[in-house]
Every structure is written in structure tokens, then in C-alpha cells.
Amino acid sequence: MRQNHHEFPEGFLWGGAIAANQAEGAYLADGKGLDISNGFPHGIKHDYDRELSPEKFYPTHEAIDFYHRYKEDLAMMAEMNFNVFRTSINWSRIFPNGDDAEPNEAGLRYYDDLFDEMLKLGMQPLVTLSHYETPVHLVKEYGSWRNRKLIDFFVNYAITVFERYKNKVKYWLTFNEINNMRRMPGGAGGIFIEEGEDLQQLIYQTSHHMFVANALTVKAFHEIIPDGQIGAMLSLSNVYPHTCRPEDVFETMELRRRSLMFGDVMIRGAYPSYANRIWEEEGAAVIFEEGDEALIAAHTVDFLAFSYYRTSTHEYGQPFYGDTGGDQGTPNPYLETTPWGWQIDPIGLRYTLNELYDRYQIPLFVVENGLGQIDELDENGFINDTYRIDYVREHVKSIKEALRDGVEVMGYTYWGPIDIISAGTGEMKKRYGFIYVDRDNDGNGTMERRKKASFDWYANLIKHNGNNI
Ligand code: BGP
């Protein structure tokens, strides 16, 4: 029988995670096309501008200028002893319109340099193919994932980057938080509802197209990078029943299943039996083409990556509502809450790791976990973010407990090791970083980088492979 780990195993992947669109800026540099993130003035929770307005400020256009400053930033990540760094390739740097016949060489070269730099510093790149970055042209011209042509465009993009980076990048993720198609299809898939359309039908049909694309991508990946690993990525912050009332308990399971079904398809290779009932009750009739089910069955992912930020509770009859942090219902009186209403629950991470491993029995990777807070500089310009240290320490302890429970965990990439643009709200004020960036919500500031107290603490945690807590 396999022994459970009492400590973090050797080779555990420690680091941080960002997304291209929330950090790079340089939104039209070197031939890049517009991607959907460029049209959200206040993040994906809020309005999307189909046409950019010259009067408005769009935070992703400059973001934190990681595009030009990545060497300096990665050097700081190396100082924190990262052995993995997660970012995305912005699809629209490689195929500016999404349907171009040839890839954009300047975009390819940028990621060559970026991955070379990571490798030089001892970090494995962990790369997301699509992190809320669908090219705008695909949305306007094809209706995004409504159209099965997107499957070909996406797979062609994936093959292009697999071929290009096969000797540099061994860990890949397909769609960031694919289950956010249910909560925020605009951000997750460039799906903006048109008059006369049924939202549920739209969500499940477009998700189905993404599942087919996922299967074809996994197939190509295993052919091109046989020594690598590719994962599904879901938003899996958890939700508890608000009370022990059976109606609360059962409906909470139904809510959770609406996320887990995305994992079921990509990991088990088939829609779960309860999917039919969901579609029936939502009035959705998902059209499958011949061969779709066989493809999905044949090409499943190697591991499950997920984000975990918080838990919430659900009461019977409450509408299913969520944001970038996960499902959100009624506050839990036992938990502390951030200024953004996210409730801190380290035990919930251990609960989630066990839940997922029981269900799937494949390696798990915590690729997002972090604390968005208001950080204030003291009179010396220092940020003593003990609250962030507490957050990470308690969550890492929970992972250690899950290892003892027998869960296989590959790694931990803290979300936003450097302050970046919030995906949900477009703010800079919601800071996650161990590194402070001098920039505010309106784009003022010098962009100077500065270490917070958590910087040395996290460096020391990794130095001891997490076994000093
Ligand atoms: C996830 C996204 C990230 C991210 C994070 C935190 O949903 O994958 O892109 O930003 O949530 O959310 P926010 O930025 O809204 O605080």
C-alpha cells in the first residue's frame, strides 16, 4: 500500500500564478490583437464594451507592464525560491484575430524569451492556454464558442504552441476555470448573451464545444509532448449547506455538481448521469455531433488543477450566484470576511482536496489560492501584511493535512505573488502580492516594485519545502 506523506514530498512544486492579461499590459504590442479582457473597464463581473471607448480607462491595457518588466519580476520570484511559475499565453499574441492562417512570430518569440528566463532561474513554466483571453475577432465574427469553428481555431493554436515550446514547457492547462462558463460566460468564453437567446442553453452548448476542444487538445498534447502533463483547471472554492435542513443539504450538492460536472467530463471522460436532469430542468438541449462522446472518452486530462479562495453557504431556494471566487450564497457566521466579501476558510481547502481526490483519484494541483486585501504603506513605505502570511500559512497547513489524508498534491502556486489587475473588478486596490506594485485603480503610479513582509516569509517557507510550519 502506498504510504501517505507526513511532510511535503521532495519535488513538490512551489511558486505563484498570474494570467497574461492581468499582468502583461502592452495590449497591442508586437502585433497582438484585442482579446476580451481588453474591453472590461471594471473586470469580468461587470460590463463589457464591445467597442472600446476613448473616454474610458481599461486596466488591462497597461496592467503592471509585466510584458517589459518580466526579467526584474521573475528575478524576485527566484529570490522567493519558486520552482514553478504559472502564467498564460495570451491567445491573441499568437493568433491576433484567432483565425489567422499563420501565427504571429513576434508573439511566439516573446514567450520563448519568457520561458527561457524562467528555466534559467530554475522555475518550471506552468502554462494556461486560455485564461479569459479569447481574441475579440472570434467573438465578433463567429459568436465565439457558439460556433464549432472555434474548436479548430483553438486546437490549431494549442498545437502551434505545443510544437514551439515542447522542449521548454512540460506542465499545461487548457481552459482556466472552465466551470466559470456557468457563472461568467463572458470572461470565461467570450459569450455575451444576445436578445432572444436562452442563457442556460447557451452555457451548456458552448461548454460542450469547449469540452470537444479540450479532448482534441489533450490528444495532440500527448502526441507532441509525451513526457509532459496536461490538466483541467476549475474554480472549486467550496460551498456548504447553510443549515442541516435536508433541503439545504441536497440543493447544495446540486449546486456543487454544476461545477463538478465540468471535471467529470474532462477527467472521467463522460458527462455524469445527473447532467440529463440538469439540462431537462434548465430547458437545455445540447447538440452533440457524431464522434464527440468518443473523443471526450478517449482523451482525458492527467491532473486536476483548481483555484480555491474561500467557502460560502447555500440556502434552499437561493439563486445560484457566483463570481471569480466561486459560488456565493449566505455568509458563514464562523468565518472571517475580506473587504470583498470573501470568507477565509483554510479547513475548506483540506475538505476540498479530499472531496476531489475521493471523486477522481488523480493528482491535484492548487494553482490559485490567495488573499486580496487593501495594503497600506507605513511611514517607512513598508507593508507589514501579517494577515497575508496568516492566510498562506493556514492554507499550506491544510494541504499538509490533506497529504497525510492520502491525497496526491503536485504543487501550490499562490495567486498573484505580485500585485496585478483583479479579474473580477479590474481594481489594483485588491492586492494579492508578496510584491507591491506602485499603481492605483486609475492607472497612476510609478510601477515601482517593493517587497512586502510576506515576501521573506514565503521565501523561507519554500526554502524549507513547507515543512517549517
Ligand atoms: C480567478 C481567476 C483569476 C483571478 C482570481 C482572483 O477566478 O482565475 O484570474 O484573478 O480568481 O479573482 P479576482 O482577481 O477577481 O480577485
Side-chain angles (χ1 to χ4, degrees), residues 16-25 35-38 40-48 59-60 63-64 66 85-91 126-134 173-190 231-239 259 262 304-312 321-328 337-344 349 352 365-375 388 391-392 395 412-433 437 439 441:
I18 60 168
N21 76 86
Q22 292 170 253
E24 287 174 3
D35 71 82
I36 47 162
S37 80
N38 301 140
F40 287 103
H42 304 290
I44 63 173
K45 243 177 95 168
H46 302 283
D47 293 348
Y48 173 70
T60 61
I64 60 155
F66 182 77
F85 187 78
R86 174 181 176 225
T87 188
S88 57
I89 295 178
N90 190 318
W91 186 353
L126 165 63
V127 174
T128 318
L129 286 165
S130 180
H131 194 130
Y132 305 158
E133 289 146 356
T134 310
L173 305 171
T174 50
F175 298 100
N176 181 65
E177 299 187 327
I178 185 168
N179 57 322
N180 273 342
M181 284 301 287
R182 188 174 67 71
R183 304 186 188 112
M184 292 167 294
M233 189 330 194
L234 270 74
S235 160
L236 290 171
S237 289
N238 228 315
V239 57
S259 277
F262 287 80
L304 170 59
F306 66 98
S307 60
Y308 174 90
Y309 289 95
R310 65 176 195 216
T311 57
S312 186
Y321 170 77
D323 59 19
T324 45
D327 293 308
Q328 194 149 34
T337 309
T338 74
W340 281 268
W342 295 27
Q343 291 200 290
I344 303 173
L349 177 55
T352 303
F365 201 151
V366 182
V367 296
E368 288 188 28
N369 171 243
L371 178 67
Q373 259 297 2
I374 299 166
D375 288 329
R388 186 164 291 111
Y391 181 98
V392 184
H395 284 82
Y412 176 83
T413 51
Y414 178 84
W415 177 257
I418 181 166
D419 295 342
I420 52 178
I421 303 295
S422 155
T425 66
E427 292 163 285
M428 269 308 290
K429 191 176 173 190
K430 188 178 185 186
R431 296 175 182 275
Y432 286 85
V437 176
R439 186 159 172 93
N441 282 354

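Just so it is clear, the model here is predicted, and its values are computed rather than measured. Both counts, for ligands and for their atoms, begin at 1 and track the order of listing.
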**Prompt:** Under 4.0 Å between a Lys/Arg side-chain N and an Asp/Glu carboxylate O for R431 and D419?
**Reply:** yes
**Message:** Can a donor-acceptor pair be found, under 3.5 Å and without considering hydrogens, that links the side chain of S88 to the backbone of N90?
**Reply:** no
**Item:** Atoms in ligand 1 flagged as close to W342, the criterion being non-hydrogen separation under 4.0 Å
**Value:** 12 (O), 16 (O)
**Request:** Without swapping roles, check the side chain of S235 against the backbone of E177 for a donor-acceptor pair under 3.5 Å.
**Result:** no
**Complete:** For N176, the ligand 1 atoms with a heavy-atom partner under 4.0 Å come out as 8 (O)
**Request:** Would you mind running through ligand 1 and noting each atom that sits below 4.0 Å from a heavy atom of G424?
**Result:** 13 (P), 14 (O), 15 (O)
**Complete:** atom 5 (C) of ligand 1 sits nearest the protein heavy atom Y309 OH, 3.2 Å
**Request:** Would you check whether K45 reaches within less than 4.0 Å of ligand 1, judged by its heavy atoms?
**Result:** no
**Request:** Considering the heavy atoms of S422, write down every atom of ligand 1 situated less than 4.0 Å from one of them.
**Result:** 13 (P), 14 (O), 15 (O), 16 (O)
**Request:** For the residue pair W415 and Y432, categorise the inter-ring angle as parallel (less than 30°), tilted (30 to 60°) or perpendicular (more than 60°).
**Result:** perpendicular
**Request:** List every atom of ligand 1 that sits less than 4.0 Å from any heavy atom of H131, numbering the atoms from 1 in the order shown and giving each element.
**Result:** 2 (C), 3 (C), 8 (O), 9 (O)
**Item:** Per-atom contacts, ligand 1 versus T324 - under 4.0 Å to a heavy atom
**Value:** 1 (C), 7 (O), 11 (O), 12 (O), 13 (P), 15 (O)
**Item:** Nitrogen or oxygen atoms of I421 and ligand 1 under 3.5 Å apart
**Value:** no
**Nitrogen or oxygen atoms of A423 and ligand 1 under 3.5 Å apart** = yes
**Asked** Taking atom types as modelled and ignoring hydrogens, do the side chains of Q328 and S312 form a donor-acceptor contact shorter than 3.5 angstrom?
**Response** no
**Prompt:** How are the rings of H46 and H42 set to each other: parallel, tilted or perpendicular (split at 30° and 60°)?
**Reply:** perpendicular
**Prompt:** Quick one: nearest non-hydrogen protein atom to atom 7 (O) of ligand 1, plus distance?
**Reply:** E177 OE1, 2.4 Å
**Request:** Answer yes or no: is there a donor N or O on one side and an acceptor on the other, between the side chain of T60 and the main chain of A63, under 3.5 Å?
**Result:** no
**Complete:** atom 4 (C) of ligand 1: of W340, Y132, W415, the nearest heavy atom sits on W415
**Prompt:** Is the shortest N/O to N/O distance between T425 and ligand 1 below 3.5 Å?
**Reply:** no
**Prompt:** Does Y414 reach the main-chain N or O of L371 with its side chain, forming a donor-acceptor pair under 3.5 Å?
**Reply:** yes
**Prompt:** Does the pair R310/D323 count as a salt bridge with the N-to-O cut at 4.0 Å?
**Reply:** yes
**Request:** Please verify whether a non-hydrogen atom of Y432 lies at under 4.0 Å from ligand 1.
**Result:** yes
**Asked** Can you tell me which residue and heavy atom of the protein come closest to atom 10 (O) of ligand 1, and the distance to 0.1 Å?
**Response** Q22 NE2, 2.9 Å
**Prompt:** So F85 and F66, would you call those rings parallel, tilted or perpendicular, with 30° and 60° as cut-offs?
**Reply:** parallel
